[in-house]
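First the structure, in the form of structure tokens, and then the observations on it.
Along the sequence shown, the residues carry numbers beginning at 1.
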Amino acid sequence: MLEPLGLARTGFEPQPPSATGYFVDPYSDRVTVEPDPDVDGPVAAMGWLWSTVDDLARWADFLATGHDGVLARETLDEMARARTMADHGAWTLGWGLGLELYRRGDRVFAGHGGAMPGMLAGLVVHRAERTGAAVLTNTGAEAKPEALALDLATAALDALPRTPEPW
């Protein structure tokens, strides 16, 4: 899956140059370097992938359009269909098959967050418009990368006019 999508810097080990993860103590604001995580054993089954913003942009495009030989667009449509919701009243957060679904107004974004010790990430894409955002942080304390990615993607959709479909 990584190779056909061109995700050259996504894998189970970080490729240099890579960011250092930090922990910020919430009571003293003291910053310490997180130790390198041990990716063997049961934790490795969660995915545990290192990536870059460039590769995550390619991943977002894949989530929006699919890729022949990897996963059909129809399967991605099924994955992005809401299966359960966190709040049935406001419907701001839900889950499909392996994808988190975030609602902002009339727009539904698909994506997912990620975390490693000292690192947090968020990726969202509005599939119909092929517009999204990827946010990577090297802190594990109080960063909200999914919220920032939603803010960035929503701002891009609001600011950039949609190109009309050719006749």
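Linking Ile, Leu, Val, Met, Phe, Trp and Tyr residues whenever their side-chain heavy atoms come within less than 4.5 Å places L99 and V70 in a single cluster. When hydrophobic clusters are built by joining Ile, Leu, Val, Met, Phe, Trp and Tyr residues whose side-chain heavy atoms come closer than 4.5 Å, directly or via intermediates, L2 is grouped together with L71. Note on L7: it clusters hydrophobically with M1, by side-chain heavy-atom contacts below 4.5 Å among ILVMFWY residues. Linking Ile, Leu, Val, Met, Phe, Trp and Tyr whenever their side-chain heavy atoms come within less than 4.5 Å leaves L157 and V125 in two separate clusters.
Note that the OG1 atom of T52 and the CD atom of Q15 stand 8.5 Å from one another [nearest 0.5 Å]. Here the straight-line distance linking atom CE of M79 with atom CG of L101 works out to 10.0 Å at 0.5 Å rounding. Distance check, rounded to the nearest 0.5 Å: OG1 of T10 to CG of L56 gives 6.0 Å. Between the CD atom in E13 and the CG atom in L49 there is a gap of 11.0 Å [rounded to 0.5 Å].
Shown here are the side-chain hydrogen bond (donor to acceptor under 3.5 Å, both in side chains) partners of Y102, two or more places apart in sequence or in another chain: E100, E146. Under the rule for a salt bridge (Lys or Arg N to Asp or Glu O under 4.0 Å), E34 has no partner lying at least two apart in sequence or in another chain. For R9, there are no salt bridge (Lys or Arg N to Asp or Glu O under 4.0 Å) partners two or more places apart in sequence or in a different chain. For D87, the side-chain hydrogen bond (donor to acceptor under 3.5 Å, both in side chains) partners are T92, not counting sequence neighbours. With sequence neighbours excluded, the residues satisfying salt bridge (Lys or Arg N to Asp or Glu O under 4.0 Å) with R58 are D55. For F62, the ring pair (Phe, Tyr, Trp, His ring centres under 6.0 Å) partners at least two apart in sequence or on another chain are W59. Taking R73 as the reference, D77 meet the salt bridge (Lys or Arg N to Asp or Glu O under 4.0 Å) condition, with sequence neighbours excluded. Looking at residues two or more places apart in sequence or on another chain, you find a side chain to side chain contact (heavy atoms under 4.5 Å, CB included) between S28 and D25, R30. The side-chain hydrogen bond (donor to acceptor under 3.5 Å, both in side chains) check on R162 picks up E129, with sequence neighbours excluded. In this structure D151 satisfies the side-chain hydrogen bond (donor to acceptor under 3.5 Å, both in side chains) test together with R104, sequence neighbours excluded.
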Practice prompt. Could you go through the side chain to side chain contact (heavy atoms under 4.5 Å, CB included) check for Y22 and V33 one step at a time?
Written response: CA-CA 5 Å; Y22 293 99; V33 174; 3.6 Å; yes
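The two residues A153 and T131 come nearest to each other via the heavy atoms O-CG2, 4.2 Å. Across every non-hydrogen atom of A19 and N138, the tightest pair is CB-CB, 4.1 Å. For the residue pair P145 and L120, the shortest heavy atom distance occurs at CG-CB, 3.8 Å. Between L123 and A134, the shortest heavy-atom distance links the atoms CD1-CB, 3.9 Å. Closest of all the heavy-atom pairs between S51 and L136 is O-CD1, 4.2 Å. Closest non-hydrogen pair, M85 versus W95, comes out as C-CZ3, 4.2 Å.
L152 forms part of a hydrophobic cluster together with V135, L148, judged by ILVMFWY side-chain heavy-atom separations under 4.5 Å.
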Side-chain donor-acceptor contacts of residues 106-117 below 3.5 Å, not counting sequence neighbours, with atom names and distances?
unit_1, atom_1, unit_2, atom_2, d
R107, NH1, D158, OD1, 2.9
R107, NH2, D158, OD1, 3.1

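Here the side chain of R83 pairs no donor or acceptor atom with the backbone of L97 at under 3.5 angstrom.
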